**Q** 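Take a look at the following structure, please.
Note on naming: letters A, B, ... go to the chains in the order of the sequence lines (proteins, then strands), and numbering restarts at 1 for each one. Bear in mind that the values here come from a model prediction, so they are computed numbers and not experimental data. Every heavy atom of this structure was used, including side-chain atoms; hydrogens, water molecules and symmetry mates were not.
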Number of protein chains: 2
Amino acid sequence: MKKVEYSIGQLGKLTHTKVPTVRYYEEIGLITPVGRSEGGQRRFDQASVRRLGFVRHARELGFTLDAIRQLLGLADRPTASCEPVDGIVQQQLHEVDLRLARLQAIRQELQRMLDECSGGKAGDCRILEVLADHSLCLTEDHDHPDSTTDRQI
Amino acid sequence: MKKVEYSIGQLGKLTHTKVPTVRYYEEIGLITPVGRSEGGQRRFDQASVRRLGFVRHARELGFTLDAIRQLLGLADRPTASCEPVDGIVQQQLHEVDLRLARLQAIRQELQRMLDECSGGKAGDCRILEVLADHSLCLTEDHDHPDSTTDRQI
DNA sequence: ATAGGATCTCTAGTAACTAGAGCTTCAAGC
DNA sequence: GCTTGAAGCTCTAGTTACTAGAGATCCTAT
């Protein structure tokens, strides 16, 4: 069984990751090539594929790169307790729940705005009115964008 | 009835907007002070308050500043048809729906991961396993972060 | 008159990439 | 062995919507 090596492009294909993204992950220390070719091109191995796969999957689930860095650190020490892993995931679930709640409220208001728009001139547009006057909207949870840690997905 | 004027700080309080954010919105052309004081400080009026209120409310609903710029342009021409407004809002609703669907799938997988974790060593951690091996996860819609236009809320 | 809070401008930083310029390396075909 | 074109390299800068800080100036109340 010989060691298979991958170019950055092959690694990218295997993990559905764009090449510049792989380089970016290397830059911030999430993955490291096993070496370089004679001419200086990056070479990766099977472990890189798994590691990058992990990163990508976690990103799909909305984890920040920072959280992923922690998860990777924990995954690297198989004898450690998996409690912190659990904590990170629980935290993420919590944030997803918050975002779901906010999005659902937003969805409702958008839908209502659309329902009320009768399609005339902008001057009479109910949508523009609601947007201009917050008190016309139903949402209670008046959450101000500045304070909202708004992130991805 | 005399014209009331507001400093940037007062405007910020009235609209729950941080002062640097107000300046940023001015920089990108969303709002404009009515003038400046002798000493060069910005002065705003009631119309500024309404306009900034509009921006903030639209941001809460997840519109991009670009969409908001368009909405403001439409709101400024009351005789124009409100059809494009409707279009922008519908588009936004659509995006919110997509995001809700994705978040719900994510929520499910996070929950399942937590349910399966028995709390032992990281080496046996089901969570880390699932993260490392995408094929272990239930989500069908394998959506790759790169291609995801992931934005706020 | 003065103190101290508010405001000014300017630069730089955040997350997680993406895009482009200008150059070099690699692999396949002849 | 040579050529050619895709793929790789580094570096800089751009994206969105702000936020933070430095150092100077203004405004208002005592």
**Q** Counting only side-chain N and O atoms of Arg42(A), is one of them less than 4.0 Å from OP1 or OP2 of dG8(D)?
**A**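 Checking Arg42(A) against dG8(D): no side-chain N or O falls below 4.0 Å of OP1 or OP2.
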**Q** Is the shortest side-chain N/O distance from Thr21(A) to OP1 or OP2 of dT18(C) below 4.0 Å?
**A**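 Checking dT18(C) against Thr21(A), a side-chain N or O does come within under 4.0 Å of OP1 or OP2.
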**Q** Has Arg59(A) got a side-chain N or O lying under 4.0 Å from the OP1 or OP2 atom of dC17(C)?
**A**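 It does, given that an N or O in the side chain of Arg59(A) lies less than 4.0 Å from OP1 or OP2 of dC17(C).
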**Q** Of the listed nucleotides (dT19(D), dC18(D), dG8(D)), which one gets closest to any side-chain atom of Ile8(A)?
**A**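 Taking heavy atoms from C-beta onward, the closest nucleotide is dG8(D).
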**Q** Report yes if at least one side-chain N or O of Ser7(B) is closer than 4.0 Å to OP1 or OP2 of dT7(C); otherwise report no.
**A**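 Yes, Ser7(B) has a side-chain N/O under 4.0 Å of OP1/OP2 on dT7(C).
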**Q** Reckon Arg36(A) has a side-chain N or O less than 4.0 Å from the OP1 or OP2 of dT10(D)?
**A**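 Answer yes for this pair, as a side-chain N or O of Arg36(A) is under 4.0 Å from OP1 or OP2.
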**Q** On the nucleotide dT19(D), are OP1 or OP2 found under 4.0 Å from the side-chain N or O atoms that Lys18(B) carries?
**A**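 Checking dT19(D) against Lys18(B), a side-chain N or O does come within under 4.0 Å of OP1 or OP2.
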**Q** Phosphate oxygens OP1/OP2 of dA20(D): is one of them under 4.0 Å from a side-chain N or O of Arg23(B)?
**A**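 Negative; the distance criterion is not met.
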**Q** Nearest of dA16(C), dC18(D), dT25(C) to any side-chain atom of Thr64(A)?
**A**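 Looking only at side-chain atoms, Thr64(A) lies closest to dA16(C).
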**Q** Is the phosphate of dC17(C) approached by Tyr25(A) (side-chain N or O, under 4.0 Å from OP1 or OP2)?
**A**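 Yes, Tyr25(A) has a side-chain N/O under 4.0 Å of OP1/OP2 on dC17(C).
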**Q** Relative to the 5' end of DNA chain D, which residue comes earlier, Ser37(B) or Val19(A), by the nucleotide with the nearest heavy atom?
**A**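 First, find each residue's nearest nucleotide; the 5'-ward one identifies Val19(A).
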**Q** List the atom of Leu30(B), the atom of Arg51(B), and the distance in Å for their closest heavy-atom pair.
**A**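 In terms of heavy atoms, the two residues are closest at O-NE, 2.8 Å.
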